[in-house]
There are 2 protein chains.
Amino acid sequence: MAHTHAPTELLCFTVHAADQAFAQVYRHALSEMGVTYPQFLVLGLLWQCDDRTVGELGQMLRLQSNTLTPLLKRLEAMGLLSRRRDPQDERTVRIRLTDAGRALADKAPDVMSCVSRAIGMTAEEQDTLTTLLRRLQDSLRASTTPAA
Amino acid sequence: MAHTHAPTELLCFTVHAADQAFAQVYRHALSEMGVTYPQFLVLGLLWQCDDRTVGELGQMLRLQSNTLTPLLKRLEAMGLLSRRRDPQDERTVRIRLTDAGRALADKAPDVMSCVSRAIGMTAEEQDTLTTLLRRLQDSLRASTTPAA
DNA sequence: AGCGATTAAATCGCGAGCGATATAAATATC
DNA sequence: GATATTTATATCGCTCGCGATTTAATCGCT
């Protein structure tokens, strides 16, 4: 039973642990804003380019409606965005920021600088890491999507 | 509003996406075994060293009893392990593999080689990645735990 | 010995993510 | 133009993870 590696030594575990650590940092940084880390990512996309469909958001975040719909409903309940079916194509739902949602963008820079400080790595190191992680992700996804 | 980076360009997002991709790979690889990715990690620790307390497992996996207890109960319900309070210290609960739990270790190598293939990176690249991720994790955790 | 403080698990309520399924609208086919 | 197919969201039930709280056992101090 040559288990040379403890599970905690595996690459998958270090990735997972780093992800959890990020979540923790964001939890603190976002507590004042009153949104969660995934919610903040959605808002970030909308700040860049408002009026998107659920599917467009999902494609960028790699989330489907089963995850996004409840999340968007929570943001809607907070009064940060509106969900309205597109009259041109009633299948799709268009997501638009409210004034309150747009106003929240002002607090984003503080959050980002707080996270930047927490990362504590040089730009080169971050780039190396990002590049490797994207390669890893592509490889992993290719293996689960044999559909050429 | 200088949002130079879309949220999906952020390091935190690439980490999260890689984590999700790993989860997907494990979901497929473990479907035959009938356990989830976090459950597999727990079993991996027990295969290495049986008879641990909930707290010991949690410390290694960075999980607390609020996450571990239900997970362990599910593994217990599957007949893979037993949970028994330690007579020496009735506060702690000792986790022991059953014969079925030990037997499952035979299938682990296949899972690991499947994941290894999916990673599709050289050993050096994996080491670089692991090292950087651990540095990242340490830095992130240090920032949320000001308690010196 | 007795009593407060600490420690270990468990419990509760929540958000996130996914597989599977359902529903409704648009498109394709005949 | 009616019907089958595809597409976009939504819904359901589950596991995981966390913050907060609870319960019970041990430890420490006098």
Side-chain angles (χ1 to χ4, degrees), chain A residues 12-13 16-28 30-31 33-43 52-59 61-78 83-95 141 144-145, chain B residues 12-13 16-28 30-31 33-43 52-59 61-78 83-95 141 144-145:
Chain A
C12 65
F13 184 77
H16 189 64
D19 184 46
Q20 298 287 92
F22 257 127
Q24 187 80 356
V25 170
Y26 273 100
R27 207 170 288 130
H28 282 81
L30 291 172
S31 63
M33 257 177 80
V35 298
T36 67
Y37 172 33
Q39 288 166 8
F40 181 72
L41 293 178
V42 170
L43 292 175
R52 310 218 197 206
T53 67
V54 173
E56 285 164 358
L57 292 172
Q59 192 169 7
L61 297 172
R62 297 186 167 284
L63 296 174
Q64 290 144 354
S65 64
N66 51 6
T67 300
L68 266 179
T69 298
L71 188 153
L72 292 168
K73 281 186 175 178
R74 283 187 280 273
L75 290 174
E76 184 186 33
M78 295 180 214
R83 297 163 57 246
R84 233 190 65 209
R85 300 214 92 103
D86 186 338
Q88 304 302 310
D89 184 344
E90 291 266 345
R91 290 175 304 180
T92 67
V93 169
R94 304 211 72 92
I95 306 299
R141 293 204 189 274
T144 50
T145 314
Chain B
C12 65
F13 184 76
H16 188 64
D19 184 46
Q20 300 286 91
F22 258 126
Q24 188 79 357
V25 169
Y26 274 101
R27 208 170 287 129
H28 282 82
L30 292 172
S31 62
M33 257 177 80
V35 299
T36 67
Y37 172 31
Q39 288 166 9
F40 182 70
L41 294 178
V42 169
L43 292 175
R52 309 218 196 207
T53 68
V54 173
E56 284 164 358
L57 293 172
Q59 191 170 6
L61 297 172
R62 297 186 167 283
L63 296 173
Q64 289 145 353
S65 64
N66 51 5
T67 298
L68 268 179
T69 298
L71 187 154
L72 292 168
K73 281 186 175 178
R74 284 187 281 273
L75 290 173
E76 184 185 33
M78 294 181 215
R83 299 163 55 246
R84 234 189 65 211
R85 299 215 92 104
D86 186 339
Q88 305 302 311
D89 183 345
E90 291 266 346
R91 289 173 304 179
T92 67
V93 169
R94 305 212 73 92
I95 307 298
R141 292 202 191 276
T144 50
T145 315

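Letters go in sequence order (proteins before strands), and every chain restarts at 1.
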Tell whether [X] reaches the base of [N] with its side chain through a donor-acceptor pair below 3.5 angstrom.
| X | N | answer |
| --- | --- | --- |
| B:T69 | C:dA9 | no |
| B:S65 | C:dA10 | yes |
| A:N66 | C:dG19 | yes |

With rounding to the nearest 0.5 Å, note down the distance linking [atom1] in [X] to [atom2] in [Y].
| X | Y | atom1 | atom2 | result |
| --- | --- | --- | --- | --- |
| A:Q24 | B:R62 | CD | CZ | 10.5 Å |
| A:E56 | A:R94 | CD | CZ | 6.0 Å |
| B:D19 | A:Q20 | CG | CD | 7.0 Å |

Contact class for [X] vs. all strands (heavy atom < 4.0 Å): base, sugar-phosphate, or nothing?
| X | result |
| --- | --- |
| B:R83 | sugar-phosphate |
| B:T67 | base |
| A:H28 | nothing |
| A:L68 | nothing |
| B:L63 | sugar-phosphate |

What bend angle does the helix from C:dA1-D:dT30 to C:dC30-D:dG1 show across its length, from five-pair end axes and to the nearest 10 degrees?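 Inter-axis angle at the termini of the helix from C:dA1-D:dT30 to C:dC30-D:dG1: 10°.
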Spacing of [X] atom [atom1] relative to [N] atom [atom2], expressed in whole Å:
| X | N | atom1 | atom2 | result |
| --- | --- | --- | --- | --- |
| A:R84 | D:dA10 | CZ | P | 14 Å |
| A:R52 | D:dT9 | CZ | C1' | 18 Å |
| B:D19 | C:dA16 | CG | C1' | 12 Å |
| B:Q64 | C:dA10 | CD | P | 13 Å |
| B:F22 | D:dC16 | CZ | P | 18 Å |
| A:L72 | C:dG17 | CG | C1' | 14 Å |
| A:L41 | C:dA16 | CG | P | 10 Å |
| A:F40 | C:dG15 | CZ | C1' | 17 Å |

Walk along nucleotides 21-29 of chain D from 5' to 3' and tag each nucleotide B, S or - by protein heavy-atom contact under 4.0 Å, base first, then sugar-phosphate. ----BS---
So which nucleotide from C:dA16, D:dC16, D:dT9 ends up closest to the side chain of A:T92?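 Selected nucleotide: D:dT9.
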Test log, rule side chain to side chain contact (heavy atoms under 4.5 Å, CB included), inputs A:M33 and A:F40: CA-CA 9 Å; A:M33 257 177 80; A:F40 181 72; 3.9 Å; yes
Which atoms form the tightest heavy-atom contact between [X] and [Y], and what is the distance?
| X | Y | answer |
| --- | --- | --- |
| B:T36 | B:Q39 | N-OE1, 3.0 Å |
| B:L71 | B:P38 | CD1-CB, 3.8 Å |
| A:S31 | A:H28 | OG-O, 3.0 Å |

Hey, which of these two, A:E56 or B:Y37, hits DNA chain D nearer its 5' end, going by closest nucleotide?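 It is A:E56, whose closest nucleotide lies nearer the 5' terminus.
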Tell me whether the OP1 or OP2 atom of [N] has a side-chain N or O from [X] closer than 4.0 Å.
| X | N | answer |
| --- | --- | --- |
| B:T36 | D:dC16 | yes |
| A:Q24 | D:dC18 | no |
| B:Q20 | C:dC18 | yes |
| B:T53 | C:dA9 | yes |
| B:H16 | C:dG17 | yes |
| A:R27 | C:dG15 | no |
| B:K73 | C:dT11 | yes |

What residues, two or more places apart in sequence or in another chain, satisfy side chain to side chain contact (heavy atoms under 4.5 Å, CB included) together with B:D89?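 Counting only residues at least two positions away or on another chain, B:D89 forms a side chain to side chain contact (heavy atoms under 4.5 Å, CB included) with B:R91, B:T92.
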Could you walk me through whether B:L63 and B:L57 pass side chain to side chain contact (heavy atoms under 4.5 Å, CB included), step by step? CA-CA 8 Å; B:L63 296 173; B:L57 293 172; over 6 Å; no
B:R83 and B:T69, any side-chain heavy atoms less than 4.5 Å apart: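 When only atoms from C-beta onward are counted, B:R83 and B:T69 do touch, with a gap below 4.5 Å.
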Using a 3.5 Å distance criterion without hydrogens, assess whether the side chain of B:R85 forms a donor-acceptor pair with backbone atoms of B:E90.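 Yes; at least one donor-acceptor contact below 3.5 Å.
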